[in-house]
Engineer: 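This structure is in structure tokens; I'll ask about it shortly.
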Number of protein chains: 2
Amino acid sequence: MTLHRQSFIITENCPIRDVLDRLGDRWTVLVLHELATGTLRFSELRKRIADISPRMLAQTLRHLEQDGLVRREVFPTVPPRVDYALTAMGESFFERVEMLAQWAADHHEAVKAARRAYVAPAGNAPK
Amino acid sequence: MTLHRQSFIITENCPIRDVLDRLGDRWTVLVLHELATGTLRFSELRKRIADISPRMLAQTLRHLEQDGLVRREVFPTVPPRVDYALTAMGESFFERVEMLAQWAADHHEAVKAARRAYVAPAGNAPK
DNA sequence: CCGGATCCCTTTGGATACTG
DNA sequence: CAGTATCCAAAGGGATCCGG
């Protein structure tokens with residue numbers, strides 16, 4: 001999500017953006033969800049998420065690591081082994097995300113009902 | 001965010017996805033933030049968000065309306081006037097989003113510090 | 001086993017033009 | 001005023017190959 005100059009809330013380093021940009025991509029929440037269950041290796045994460053490509057898994061983990069939400073530990077064995085785990089900050093972040101997920105679960109039926117009941121406003125097409 | 005078959009958490013109608021897909025786009029949170037201050041007209045929203053295009057504002061509002069988070073009221077006057085306001089569900093949703101934003105504000109410095117301190121793992125480039 | 005580099009297709013969203 | 005239609009550029013992300 002590239003940010004744009006000149007907006008009410010989007011300033012150069014708006015904290016809200018810094019968080020939401022991460023939630024916006026397709027995999028971050030899933031990775032956090034899996035790591036919340038405990039330390040996992042790269043290949044274990046791949047198995048659990050199943051349809052994530054190694055490229056996106058690595059990228060997602062790099063971002064989370066960079067932000068201090070995930071800790072990466074390398075074992076110089078052969079074959080190599082790399083462990084990933086949530087940091088304390090990662091856990092506290094995930095708590096909030098879970099609360100949002102809880103809201104979603106609680107209101108999912110209401111949202112789906114609203115979608116079914118919805119009728120589009122009469123559009124005014126040009127031409 | 002197109003969902004893919006066969007994943008641990010991503011099922012056909014995963015509630016988490018239903019929520020996060022909305023948070024992921026660029027404008028939803030901003031629109032919610034503005035509407036949280038009270039009822040607004042289309043053009044008022046445009047002024048407040050400033051760099052949103054009419055296309056994206058309309059699209060974002062349609063989505064929110066469809067999900068039952070925003071109520072749309074048309075006045076058949078001339079010139080036309082359309083009001084937008086959060087529904088009760090929209091307000092309760094925004095509460096959670098704000099809690100996430102609060103976390104972001106609280107930890108923004110820590111995250112930025114982590115980013116500065118971060119050194120990329122020794123890459124293994126081909127060739 | 002871990003994960004970077006490259007290629008390429010798909011989706012998102014900005015700019016512009018137009019209508020009821 | 002309140003939108004919709006169309007076109008197009010940029011970003012996201014999958015597939016594949018490769019090297020430590």
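Naming: A, B, ... by sequence-line order, numbering from 1 per chain.
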Engineer: Please report the interatomic distance CZ(A:F94) to OG1(A:T28), rounded to the nearest 0.5 Å.
Structural biologist: 12.0 Å
Engineer: For B:R55 and D:dT6, what is the distance between atoms CZ and P respectively, to the nearest whole Å?
Structural biologist: 12 Å
Engineer: Between C:dC2, C:dG4, D:dG3, which nucleotide has the shortest distance from any of its atoms to the side chain of A:A58?
Structural biologist: C:dG4
Engineer: Does A:R72 have a side-chain nitrogen or oxygen under 4.0 Å from the phosphate oxygens OP1 or OP2 of C:dC2?
Structural biologist: no
Engineer: Of the nucleotides D:dG13, C:dC2, C:dG20, which one has an atom closest to the side chain of A:S43?
Structural biologist: C:dC2
Engineer: If each of A:S53 and B:P79 is mapped to the nucleotide of DNA chain D with the nearest heavy atom, which maps nearer the 5' terminus, i.e. the 5' end?
Structural biologist: B:P79
Engineer: Measure CZ/A:F42 against P/C:dC2 and give the value in whole Å, please.
Structural biologist: 7 Å
Engineer: Between C1' on C:dT11 and CE on A:M56, what's the gap in Å once rounded to a whole number?
Structural biologist: 13 Å
Engineer: Rounding to 10°, can you tell me the angle the first-five-pair axis of the helix from C:dC1-D:dG20 to C:dG20-D:dC1 makes with its last-five-pair axis?
Structural biologist: 40°
Engineer: What is the nucleic acid contact for A:R46, judged by heavy atoms within less than 4.0 Å: base, sugar-phosphate only, or nothing?
Structural biologist: nothing
Engineer: Quick check: does any side chain N or O of B:D67 sit under 3.5 Å from a backbone N or O of B:L69, one acting as donor and the other as acceptor?
Structural biologist: no
Engineer: Between the side chain of A:R41 and the main-chain N/O of A:Y84, is any donor-acceptor distance below 3.5 Å?
Structural biologist: no
Engineer: Between C:dG13, C:dG3, D:dG20, which nucleotide has the shortest distance from any of its atoms to the side chain of B:W27?
Structural biologist: C:dG13
Engineer: Under 4.0 Å from OP1 or OP2 of C:dG3: is there any side-chain N or O of A:R41 that close?
Structural biologist: no
